Amino acid sequence: MAIASHDASFDNMPNHKSQRGYYILMGEEAICTDHKNLHRCMLVAWATGRIGRAVRSTLSAEAYSCSEAQDVLFWTRAVCADIFSPESL
């Protein structure tokens with residue numbers, strides 16, 4: 001199972017720039033439901049940096065960050081499905 005998490009900060013850099021970041025984890029499905037135990041997971045992708053376009057609110061900065069994280073998450077899931085599918089052998 002691949003999981004994404006993201007965050008953004010609006011207007012926190014010089015010249016009114018905003019930042020964003022995300023990471024993608026691979027782990028077992030119980031990581032989403034069993035919050036009492038520790039679970040093994042692997043960091044497969046992460047990025048952080050300045051948002052490359054003008055955003056005018058915290059909501060738009062968060063939406064931009066979410067969109068980037070979702071793109072990488074879908075790509076990661078597609079690659080894993082291609083690697084682990086029986087048809088690819």
Side-chain angles (χ1 to χ4, degrees):
M1 164 176 248
I3 303 166
S5 182
H6 71 89
D7 195 17
S9 294
F10 172 66
D11 195 17
N12 68 325
M13 297 175 66
N15 297 323
H16 305 288
K17 303 293 182 187
S18 301
Q19 289 179 297
R20 54 93 183 126
Y22 65 84
Y23 61 88
I24 309 295
L25 297 175
M26 296 286 292
E28 55 192 21
E29 288 187 33
I31 201 168
C32 293
T33 57
D34 181 9
H35 303 292
K36 294 181 181 179
N37 296 310
L38 295 176
H39 300 280
R40 291 179 186 233
C41 62
M42 182 187 319
L43 179 68
V44 294
W46 69 273
T48 184
R50 186 176 67 86
I51 294 177
R53 60 182 298 275
V55 292
R56 299 178 186 221
S57 68
T58 302
L59 181 61
S60 62
E62 291 286 348
Y64 188 83
S65 177
C66 180
S67 175
E68 284 195 2
Q70 192 174 30
D71 285 346
V72 176
L73 177 66
F74 289 160
W75 179 84
T76 303
R77 286 180 175 171
V79 168
C80 288
D82 193 38
I83 291 171
F84 297 116
S85 68
E87 297 85 31
S88 66
L89 297 177

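Just so we're clear, the structure is a prediction, and the values are computed from it rather than from any experiment.
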Problem set entry | V44 with Y22, same ILVMFWY side-chain cluster at under 4.5 Å | yes
Seminar exercise, completed: Value for CZ (R53) from OG (S60), rounded to nearest 0.5 Å, stands at 7.0 Å
Exercise. Under 6.0 Å from the CG atom of L43, do we count more than 12 heavy atoms belonging to anything else shown?
Worked result: yes
Exercise. Which residues pass the salt bridge (charged side-chain N to carboxylate O under 4.0 Å, His left out) test with E62, sequence neighbours left out?
Worked result: none
For this session: Determine, step by step, whether E68 and H6 satisfy the side chain to side chain donor-acceptor pair (under 3.5 Å) criterion, reporting the C-alpha distance in whole Å, the side-chain angles of both residues, the deciding distance to 0.1 Å, and the verdict.
Result: CA-CA 9 Å; E68 284 195 2; H6 71 89; over 6 Å; no
Exercise. Roughly how far apart are L25 CG and M42 CE, rounded to 0.5 Å?
Worked result: 10.5 Å
Exercise. Roughly how far apart are M1 CE and C32 SG, rounded to 0.5 Å?
Worked result: 4.0 Å
Exercise. Any side-chain heavy atom of I31 sitting closer than 4.5 Å to one from C41?
Worked result: yes
Residues 70-80 side chain polar contacts: donor-acceptor under 3.5 Å, at least two apart:
unit_1, atom_1, unit_2, atom_2, d
T76, OG1, V72, O, 2.8
R77, NH2, A2, O, 2.9

Exercise. Rounded to the nearest 0.5 Å, how far does OH of Y64 lie from CG of L59?
Worked result: 15.0 Å
Exercise. For the atom pair NZ (K17) and CD1 (I51), what is the distance rounded to the nearest 0.5 Å?
Worked result: 11.0 Å
Exercise. Rounded to the nearest 0.5 Å, how far apart are CD1 of I24 and OG of S5?
Worked result: 9.0 Å
Counting only pairs under 3.5 Å, give me each side-chain donor-acceptor contact of residues 8-15, with atom names and distances, residues two or more places apart or in other chains.
unit_1, atom_1, unit_2, atom_2, d
D11, OD1, H16, ND1, 2.9
D11, OD2, H16, ND1, 3.3
N12, ND2, Q19, OE1, 2.7

